[in-house]
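A short worksheet on the structure shown next.
Lettering of chains follows the sequences in order, A, B, ..., and the numbering in each one begins at 1. Side chains are part of it too, since the values below use all heavy atoms of this structure and drop only hydrogens, waters and symmetry mates.
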Amino acid sequence: MLDRATLTPDAGPNLGSSLDAQADWCADYEVVRRAIAFITEAWRSQPEAEAIATAAGVDIRTLNALFRRWAGLTPKGFLQAVTLDHAKRVLAGSGNVLDAAFELGLSGPGRLHDLFVTHEAMSPGEWQRGGAGAVVRFGFHPSPFGTALVMATARGLAGLAFADPGGEAAALADMRARWPAAQFEDCRDATAPLVRRIFDPTAWQPEVPLRVVLIGSDFEIRVWETLLKIPFGRAASYAALAHDIGRPTAARAVGAAVGRNPIAFVVPCHRVVGSGGALTGYHWGLTRKRAMLGWEAGWRAAAA
DNA sequence: CCACCAGGCGTGA
DNA sequence: TCACGCCTGGTGG
């Protein structure tokens, strides 16, 4: 098992927590997004790196540099990371997701690339009672997966959404609709530190866990808690999740609950795929789900 | 690989 | 009660 010291900014993707890296994130993601869209559409013809670069609107050298910076992998490695084969490889076996994680030595304290999270769960009723007049502060920030919308309460991180260019208003409306009684305040200064930390694996450490608030039904909370057990760079199926929470026949209901996860990326709903490894859906777009799995694959490769 | 189907289940209206 | 989903396993191309 590797320790965090091997993950210096030089060894890993992007530039740690430097502000320059943050400024580059969205520009990089635009190219990544175009590359993934092209690969997804043209995978049958096994496109060359050259063709991918053209489709992404950059030259091949730029493409190489960009992928190294963005996720520490080559375009070829990236190509592999967004295929069905890769999804199957990272798919933990059926059965208990947590047990599978421990068997693989990827779970437990000190595991690699774990965004350590402590959570507090609230039912919608509790939220409404205790949160009458609750203030939710939000801000838009660059991230490796496009513009991120971060929502925070005094109790911790409550929401994380994504927006493609021009989709900021829709993302905000989506989030606001989840907590109709709350007051919202645009306050990027409050959310900026969260973003820096969330998207920089070199900043993840167990000593200072990230506090999150999960607001949902009992069933949803159980599903979301289980998502937090899926190791970085791996995947679980909806059926395995259903099995894990003791409702083996409720895979579809699990899918719906996963889809309602308010804290994208941090609660890793992007690590849930169909039983056969297919990426069946993602609230913030399948392209973004592929990007996240590819990014995690790159970080794992860089650390290994 | 695709299309379609039925069984399945928690949610919100 | 009902339609709706980030489902799944089976059938027939």
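- Side-chain proximity of A/K289 to C/dC6, B/dT11, B/dC9: nearest is C/dC6.
- A donor-acceptor contact under 3.5 Å links the side chain of A/Y238 to the base of C/dC6.
- In summary, the aromatic rings of A/F265 and A/F199 are positioned with their centroids under 6.0 Å apart.
- For A/S275, whose side chain is taken as the heavy atoms from C-beta onward, the closest listed nucleotide among C/dG9, C/dC6, C/dG5 is C/dG9.
- Distance check, rounded to the nearest 0.5 Å: CD1 of A/I215 to CD of A/E220 gives 11.0 Å.
- When the P atom of B/dC9 is taken as reference, atom CZ of A/F219 falls 10 Å away, rounded to whole Å.
- Atom P of nucleotide C/dC6 and atom CD of A/E220 are separated by 13 Å, given to the nearest angstrom.
- With a cut-off of 3.5 Å on both pairing distances, C/dC6 has no Watson-Crick or G-U wobble partner at all.
- Between A/E225 and A/R222 there is no salt bridge, since no side-chain nitrogen of the basic residue lies less than 4.0 Å from a carboxylate oxygen of the acidic one.
- Listed nucleotides C/dT8, C/dG5, B/dC1 differ in distance to A/A239; the shortest reach to its side chain belongs to C/dT8.
- Among the atoms of the strands shown, only primed sugar atoms or phosphate atoms (P, OP1, OP2) are found under 4.0 Å from some heavy atom of A/A251.
- For A/R247 and B/dC9, the shortest distance from a side-chain N or O to OP1 or OP2 is not below 4.0 Å.
- Between A/F162 atom CZ and C/dC6 atom C1' there is a gap of 16 Å when expressed in whole angstrom units.
- Under the 4.0 Å criterion applied to side-chain N and carboxylate O atoms, A/E296 and A/R300 are not assigned as salt-bridge partners.
- Contact check, A/S217 against B/dG10: no side-chain N or O comes under 4.0 Å of OP1 or OP2.
- Contacts of A/V258 with the nucleic acid, taken as non-hydrogen atoms under 4.0 Å apart, include base atoms.
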